[in-house]
Number of protein chains: 2
Amino acid sequence: MKTRRVTLVDVARLAGVDKAIVSRVVNADPSLVIRPDTRERVLEAISNLGYRPNVAARSLRTAKAGTLGLVIPDFANPVYAEIITGAESAALAKGHVLVTGSSTGAHSSMDRYLDLLGQGRVDGLMLAGPTTAAEQQKLESLGLPWMMVNRRDTGEHHRYVILDDAQAAKLAVEHLLELGHRKIVHVAGPFGADTARRRATGYRQAMRVPDIPVRAEDIARGDYTPRGGAEAMAELLRKGAEPTAVFVANVAMAVGVLDTLRRADLRVPEDVSVVAVHDLPLAEHLVPALTTVRMPLQDLGARAVDLLLASSPEDEVAEVVRTAMELVYRESTAPPAAG
Amino acid sequence: MKTRRVTLVDVARLAGVDKAIVSRVVNADPSLVIRPDTRERVLEAISNLGYRPNVAARSLRTAKAGTLGLVIPDFANPVYAEIITGAESAALAKGHVLVTGSSTGAHSSMDRYLDLLGQGRVDGLMLAGPTTAAEQQKLESLGLPWMMVNRRDTGEHHRYVILDDAQAAKLAVEHLLELGHRKIVHVAGPFGADTARRRATGYRQAMRVPDIPVRAEDIARGDYTPRGGAEAMAELLRKGAEPTAVFVANVAMAVGVLDTLRRADLRVPEDVSVVAVHDLPLAEHLVPALTTVRMPLQDLGARAVDLLLASSPEDEVAEVVRTAMELVYRESTAPPAAG
DNA sequence: TAGGGTCGGTCAAACGATTGAACGAGCCTA
DNA sequence: TAGGCTCGTTCAATCGTTTGACCGACCCTA
């Protein structure tokens, strides 16, 4: 019972019109003038036969795939889950399908993807996470619009969308300042990540307002992982800093920071307050529940899609998404102990 | 500088051969007999021009998209992240691209996806997570091979791949038994989830070996969320069960279980041991670090892809992936307190 | 009644790759 | 030297849609 797939021609035959008519009806071509009853016949034929346009043929003809690509480092990282969610939603709203791939799996890599995507599989490409200059070079050569998401690209020709990380950091630090903290240290992210650099800048800026000096030993760097956070916190304690509060550059490191503080018999928030960027679902279930700054990561993903669809390969794109950020006040922050 | 895209014809012209030759070289057609120097010329032309086959044209001709679809409920759930990772890796290994979509977003739904996928966008479809009978009906009508992943489908015509959930449950409960526990209760998953039912069955089976009776009040049901787990645990305590150990059907609920135990001033593992299925990255960072049973979720995703690619729409597919499972012994389980 | 406008369609040429069939040039054999 | 075989390559139809160009019928107007 090998039912051949239904094509435009089948519909046209059933409706007694030319396939061109059917095509224009399907695509709501504004230049089409048609009698209501003819349109009715066509629509009926479509639904009777269960016609669905063949995407390959359409793509071939129009040179548009109706698909966008998003490459992330790792599906297991919840930060990317939010970006994906936002991007998918925006893509669907514009009638596009989103292909999300990870660049760190056993069989995957940027290169592998660029090969597989070939020509005409996607209309544009978004890269979240680290990318080498060589890869950016290769991207340019594809002739596709592309964009870095949550990372500034290097190079003179800019194509990126990022969030206002400095502002997020400020919100976090201001929260600590308002609670009365003055000895506030910072567990920063890796030097290579520009998000980490912007958050560190925001920390410094916020500390400047009440004119609290930030010494070198008030900042330690981790690699955005729990272990990295634990080590960075340990380093801060070892250096003799006796903070009443810690601003941590991401939640993964905050997990490690809490571990280290627990081992050092420092209670959170009684002895030390902890606040981190950004508000992952996980934050609520840590012990104590973590105070965070929620960043608009879904908006970031959505905005990337919109910009991508609106841009040509030659365009310059550089945007900072400034949707409101919010401090989520939970149990890990409190006023410093008196005295 | 609108450089026209490079096609087979361009390559053929440069190499001084017919485009048929180029096509066969690109696809490594075994029926092709060709002089080594000709092949060399072709390959050189390909690389000089940077030729990449047009996917749409190829799909149109071959009626194969080279793409598989995977629909999950939610990107933020780390369980699906593992399935995706496995599926992506297997798809790439077979030269296919994986399109992953979520069915619960603002603009997405099963239906929306089925429409968007149209005809010829994917060669097969995998559904992880709940699906209605109506949706299964619609899937059948697409004429595509499809498959439920980590869920048994209803209906007489089976298409599913699942894991051995009962075995996972047994491993967890046996671990508790070996530690010396006998008062072991179960926080089960929602009735609608067949994974939950299989895990409950495994719990009962394991308890039968040492002939420990399982009473109705030894099992409470949650909805696979932290809150659900917390409530189920509270219910168990209220019912007067004085367990020395809890087997929890998933990690999300275990988070809630730990909360409830903490609130009830029961120490873990001194007063109550807790073990859960499956080993998410998160488990290691809970307080105390959670003992779990690691299930081969990546294998599940990979196997689904392999089966999908090997099956026709009419085939029956029903497989239980039995890759070894492993108990991950952490801090939340210990022998029961003496006396 | 010739000329010009709508209306309501039809025609046919792309888009780029795949693939069965055909074909010419050598060479071998009888 | 004709016929057949192998080798290496070319020919051309085909996949299903899109879309600019064209066309016939009808009505209106001068």
Side-chain angles (χ1 to χ4, degrees), chain A residues 2-43 45-46 49-66 95 117-121 123 143, chain B residues 2-43 45-46 49-66 95 117-121 123 143:
Chain A
K2 199 86 213 166
T3 43
R4 212 174 51 79
R5 61 213 303 177
V6 181
T7 76
L8 267 190
V9 185
D10 302 320
V11 176
R13 190 159 32 220
L14 181 59
V17 296
D18 189 85
K19 64 185 156 86
I21 295 287
V22 182
S23 171
R24 291 188 227 254
V25 166
V26 168
N27 296 1
D29 182 339
S31 81
L32 173 66
V33 268
I34 189 179
R35 249 180 328 212
D37 58 314
T38 312
R39 173 190 298 275
E40 204 44 56
R41 283 209 319 281
V42 170
L43 291 174
I46 288 177
L49 295 175
Y51 167 74
R52 291 160 164 278
N54 180 306
V55 181
R58 175 178 287 175
S59 299
L60 175 57
R61 178 61 226 243
T62 62
K64 292 258 154 271
L117 291 178
Q119 198 123 71
R121 202 190 281 275
D123 297 324
Chain B
K2 200 86 213 166
T3 43
R4 212 174 51 80
R5 60 214 304 178
V6 181
T7 77
L8 266 191
V9 186
D10 302 320
V11 175
R13 189 158 34 221
L14 181 58
V17 295
D18 189 85
K19 64 185 156 83
I21 295 284
V22 182
S23 171
R24 290 187 227 258
V25 166
V26 168
N27 295 2
D29 182 339
S31 81
L32 174 66
V33 267
I34 190 179
R35 249 181 329 214
D37 59 314
T38 313
R39 172 190 299 275
E40 203 45 56
R41 282 210 319 282
V42 171
L43 290 175
I46 288 177
L49 295 175
Y51 168 73
R52 290 161 164 278
N54 180 306
V55 181
R58 175 179 287 175
S59 299
L60 175 57
R61 178 62 227 243
T62 61
K64 292 257 154 272
L117 292 178
Q119 197 121 74
R121 201 190 283 273
D123 297 325

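Below, chains carry the letters A, B, ... as their sequence lines are ordered, and counting in each starts from 1.
- Taking only distance into account, the side chain of A:Lys19 never meets the base of C:dT10 through a donor-acceptor pair shorter than 3.5 Å.
- Spacing between atom CG of A:Asp29 and atom P of C:dT10 amounts to 15 Å, rounded to whole angstrom units.
- Across the protein-nucleic acid pair, B:Arg52 atom CZ and C:dG16 atom C1' stand 16 Å apart, rounded to whole Å.
- For A:Val17, the listed nucleotide lying nearest its side chain is C:dT10; candidates were C:dT10, C:dA21, C:dG16.
- Nearest nucleotide to the side chain of B:Arg5, out of C:dG8, C:dC15, C:dG16: C:dG16.
- Between A:Leu32 atom CG and C:dC11 atom C1' there is a gap of 16 Å when expressed in whole angstrom units.
- Taking atom CG of residue B:Asp18 and atom C1' of nucleotide C:dG16, one finds them 14 Å apart after rounding to whole Å.
- Between the P atom of C:dA17 and the CZ atom of A:Arg61 lies a distance of 16 Å, rounded to the nearest Å.
- Under the side chain to side chain contact (heavy atoms under 4.5 Å, CB included) criterion, A:Thr62 pairs with A:Arg58, A:Lys64, sequence neighbours left out.
- Bracketed by its first and final contacts, the part of DNA chain D lying under 4.0 Å from non-hydrogen atoms of chain A reaches from D:dG16 to D:dA21 in 5' to 3' order.
- For A:Arg35, whose side chain is taken as the heavy atoms from C-beta onward, the closest listed nucleotide among C:dG8, C:dA13, C:dT19 is C:dG8.
- In this structure, CZ of B:Arg58 is placed 9 Å from C1' of C:dT18, rounded to the nearest angstrom.
- With hydrogens and angles ignored, no donor-acceptor pair under 3.5 angstrom links the side chain of A:Arg39 to the base of C:dG9.
- Atom CD1 in B:Ile21 sits about 15 Å away from atom P in C:dA17, given to the nearest Å.
- Counting only heavy atoms from C-beta on, B:Leu60 has its side chain closest to C:dG16 among C:dT10, C:dG16, C:dA14.
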